[in-house]
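This report concerns only the one structure given below.
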Amino acid sequence: MSGNRPDGFSYREVGTEVRITHNGHHATTLRGGRAAEFLREVELGDPQELMARVTGNYKHGNERTARNHPRNRGR
């Protein structure tokens, strides 16, 4: 993985569903309109980033800043 770019995601169409895995483990299944929307979007942009957003496994880049904030120290 380079920088903060998501990596390790893959997807597979199974009938009308889209199954997304992360590093070989099931992450989510999209059905119906959301599956169709995903298939359109995956052609337009970065598939790894899209799958990270869809599964909620997306780092926003501020985790270190938040962890080092005085309010969060000692946790």
Side-chain angles (χ1 to χ4, degrees):
M1 184 161 140
S2 62
N4 288 332
R5 187 178 181 289
D7 193 22
F9 289 95
S10 63
Y11 72 94
R12 186 174 62 158
E13 291 180 66
V14 180
T16 60
E17 297 180 343
V18 174
R19 296 182 184 166
I20 300 175
T21 59
H22 185 245
N23 294 326
H25 299 281
H26 179 264
T28 194
T29 301
L30 305 174
R31 295 176 179 87
R34 186 60 188 118
E37 180 182 345
F38 171 84
L39 292 172
R40 283 190 304 272
E41 289 180 18
V42 80
E43 297 297 322
L44 300 174
D46 180 355
Q48 292 294 308
E49 187 172 314
L50 175 61
M51 287 184 275
R53 281 188 291 130
V54 167
T55 61
N57 187 0
Y58 188 74
K59 295 195 180 245
H60 303 283
N62 63 354
E63 288 83 5
R64 182 175 296 152
T65 304
R67 182 178 59 232
N68 292 332
H69 189 278
R71 174 183 61 228
N72 296 325
R73 288 191 183 172
R75 286 186 177 180

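Numbering starts at 1 and runs along the sequence shown.
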**Asked** Who are the side chain to side chain donor-acceptor pair (under 3.5 Å) partners of T28, not counting sequence neighbours?
**Response** none

**Request:** Kindly write out the residues that satisfy side-chain contact (heavy atoms from CB on, under 4.5 Å) with T29, not counting sequence neighbours, or none if the list is empty.
**Result:** E17, R19, H26, R31

Just list the side-chain donor-acceptor pairs under 3.5 Å for residues 38-46, sequence neighbours left out, or say none.
{"residue": "D46", "atom": "OD1", "partner": "R5", "partner atom": "NH2", "Å": "3.3"}
{"residue": "D46", "atom": "OD1", "partner": "Q48", "partner atom": "N", "Å": "3.0"}

**Request:** Please name all residues satisfying salt bridge (charged side-chain N to carboxylate O under 4.0 Å, His left out) with E37, sequence neighbours left out, ordered by chain then number.
**Result:** R34

**Item:** S10 backbone acceptor or donor facing H22 side chain under 3.5 Å
**Value:** no

**Message:** Name the residue from L30, V18, L50 that meets the side chain to side chain contact (heavy atoms under 4.5 Å, CB included) definition with Y11.
**Reply:** V18

**Asked** Atom OG1 in T21, atom CZ in F9: separation rounded to 0.5 Å?
**Response** 9.0 Å

**Prompt:** Looking only at heavy atoms, what is the nearest atom pair of T16 and A35, with distance?
**Reply:** O-CB, 3.7 Å

